[in-house]
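What follows is a set of notes on a single structure, which appears directly below.
Computed over heavy atoms, backbone and side chain alike; hydrogens, waters and symmetry mates excluded.
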Amino acid sequence: MKNSSVKTGTAFLVLFLLVSTVSCKKEQVSSRYGPSPETKDTIIRGADLSFLPEIEANGVLFSNSSGKQATALEILAEAGMNTVRLRLWHSPENNHSSLAEVKLFADRIKAMRLKLWITVHYSDTWADPGHQQKPAAWNQLSLQTLRDSVYIYTSQVVRLLKPDILQVGNEINHGFLWPDGHSMHREHFLQLLEAGCKAVRDHSDDCLIMLHYAGFKEADIFFNEVNSLDYDLMGISYYPIWHGKDLNLLQSSISALSKKHQKKLVIAETAYPFTLQWNDHTHNVLGEVAQTIAEFSPSPDGQQLFLEEIKRISTHKPLLSGFAYWGAEWIAFKGAEATDGSSWENQALFDFSNKALPAISAFAR
């Protein structure tokens, strides 16, 4: 496996050439989509739309609050969303979240003058606090070769996608690229993380580097551990079902965190239900009143009030720099009988008729 890094580089060069020859239909570009990424509009009002290419490939249509059909990307941009977050998997089983798919979608996003935020999972599948599986192609690599592979791969991603923000790993509470990069092997974890950060710095003058922790109550321990690294943004996930229902504690904690570390902080993932019902036969992640916050009912109005409060909390201090809504587009796109559809349709920003919900008003500048 000592030639793996070379093989990886060759494969990505071929992929780059293939992707570069593919043309895609772009949304109509207009000044109504607001300022370009180069302006001083530095507050992130984002959404993770990683499922959207797959949903659109199934022929699903969306509509705005007036019932007019448009793409989800157009609808959210019109509402004021200025940043799109996309996950990237190394070698997924199918094309979804692959570099080829992400490249095509990234071109659409940039054509609409929206900021592009890439979340590199460094895995062939989901990475989160409980799962950080290495790409299969990297399984037998030595630590040195693994570190080189992280650098080469990240460099290729930066050069090809030209993101405004690159997130090195996803919810890396306990490290990434397990077992080598597990946080119990602190020095190895930091070496691998540093390789990703250095690749961004070496190949982009303006891409911001984010490190991402799920939750906020023990986030200070994590950010103390990575204090020696060169990065720009602190990202945290906040979901009431997993991270607590006290928004006052959330606000005070992230304010103290950003002030202590003198880094801009973004709520990188959040979501809230507009109903406890379901629209397919796939088990939903959230489905009980006890999992919600009493002040915000699981209703369209409650979802809107929650997201408006998240917006206020994430922008009320100089170093708090915005939010991204996760699964905004993840409707039950495979049909009412699907058992492998969406486990999130009751937390999307589109109702069961695929019509935009009032909560999108939180994207307004």
Side-chain angles (χ1 to χ4, degrees), residues 8-9 11-27 37 44 46-58 60 71-74 76-77 81-128 133-138 149-171 176 196 199-200 203-204 207-210 212 235 268-269 324-330 333:
T8 300
F12 272 92
L13 177 60
V14 172
L15 178 59
F16 176 83
L17 294 173
L18 288 173
V19 169
S20 298
T21 63
V22 179
S23 62
C24 64
K25 183 179 179 181
K26 298 176 181 176
E27 268 87 354
I44 293 171
D48 191 304
L49 303 179
S50 299
F51 283 106
L52 194 55
E54 182 179 2
I55 292 171
E56 291 180 335
N58 277 259
V60 175
T71 67
L73 194 59
E74 289 173 324
L76 295 176
M81 176 192 70
N82 65 1
T83 305
V84 179
R85 182 177 187 258
L86 299 178
R87 67 173 167 267
L88 176 63
W89 291 342
H90 186 277
S91 300
E93 289 186 1
N94 53 38
N95 186 53
H96 300 307
S97 292
S98 67
L99 187 58
E101 181 185 76
V102 171
K103 167 61 176 171
L104 292 176
F105 195 14
D107 287 345
R108 289 172 56 191
I109 291 164
K110 285 184 167 289
M112 292 178 66
R113 303 171 71 188
L114 300 169
K115 296 176 186 176
L116 176 64
W117 170 357
I118 297 296
T119 302
V120 187
H121 283 229
Y122 298 98
S123 179
D124 295 334
T125 186
W126 298 99
D128 56 45
Q133 183 178 348
K134 280 188 292 188
W138 296 358
S149 297
V150 169
Y151 180 87
I152 292 169
Y153 173 62
T154 308
S155 300
Q156 291 164 335
V157 169
V158 172
R159 290 198 302 265
L160 180 63
L161 302 182
K162 297 178 173 59
D164 299 284
I165 301 169
L166 187 136
Q167 190 178 302
V168 182
N170 188 68
E171 296 188 326
F176 70 141
V200 179
H203 295 91
S204 175
C207 179
L208 300 178
I209 300 169
M210 177 182 287
H212 179 206
E269 294 186 21
Y325 194 95
W326 196 88
E329 82 295 21
W330 197 12
F333 67 98

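Using cut-offs of 30° and 60° on the angle between ring planes, the pair Tyr153 and Trp138 is perpendicular.
For the pair His212 and Gly169, the tightest heavy-atom approach, listed with the atom from each and the gap, is CB-O, 4.2 Å. Between Ser50 and Glu329 the shortest heavy-atom distance is N-OE2, 3.1 Å. Closest heavy-atom contact between Ser97 and Pro92: C-CG, 4.4 Å. Shortest non-hydrogen contact noted between Asp124 and Ala136 is OD2-N, 2.9 Å. Gly196 and Tyr122 get closest at one heavy-atom pair: CA-OH, 4.2 Å. Nearest heavy atoms, Val84 versus Met81: CG2-CE, 3.7 Å.
For the pairing with Ser204, the side chain to side chain contact (heavy atoms under 4.5 Å, CB included) check across Asp164, Ile209, Val158 returns one residue only, Val158. The side chain to side chain contact (heavy atoms under 4.5 Å, CB included) with Val102 is formed by just one residue from the set Leu86, Leu116, Leu160; it is Leu86.
Judged by distance alone, with hydrogens and angles left aside, the side-chain atoms of Lys110 form a donor-acceptor pair with the main-chain N or O of Lys162 at under 3.5 Å.
Taking 4.5 Å as the limit, every side-chain heavy atom of Thr71 sits out of range of all side-chain heavy atoms of Met112. A 4.5 Å side-chain heavy-atom check between Val200 and Met210 finds every atom pair outside the cut-off. You'll find the side chain of Leu76 stays beyond 4.5 Å of the side chain of Tyr325, heavy atoms only. Glu269 has its side chain out of reach of Asp48: every pair of non-hydrogen atoms, C-beta onward, lies at least 4.5 Å apart. Proximity of Ile165 to Ile44: side-chain heavy atoms (C-beta onward) are separated by under 4.5 Å at one or more points.
Around the CD atom of Gln133, the shell of radius 6.0 Å holds no more than 12 heavy atoms that belong to other residues, nucleotides or ligands.
Using a 3.5 Å distance cut-off with no hydrogens or angles, the side chains of His203 and Arg159 do pair a donor with an acceptor.
Note that Arg87 lies in the cation-pi zone of Phe51, set by a 6.0 Å cut-off to the ring centre and a 45° limit from the axis.
For Lys134, the salt bridge (charged side-chain N to carboxylate O under 4.0 Å, His left out) criterion is met by Asp180, not counting sequence neighbours.
Leu99 contributes atom CG, which lies 9.0 Å from atom CD1 of Ile118 (distance to the nearest 0.5 angstrom).
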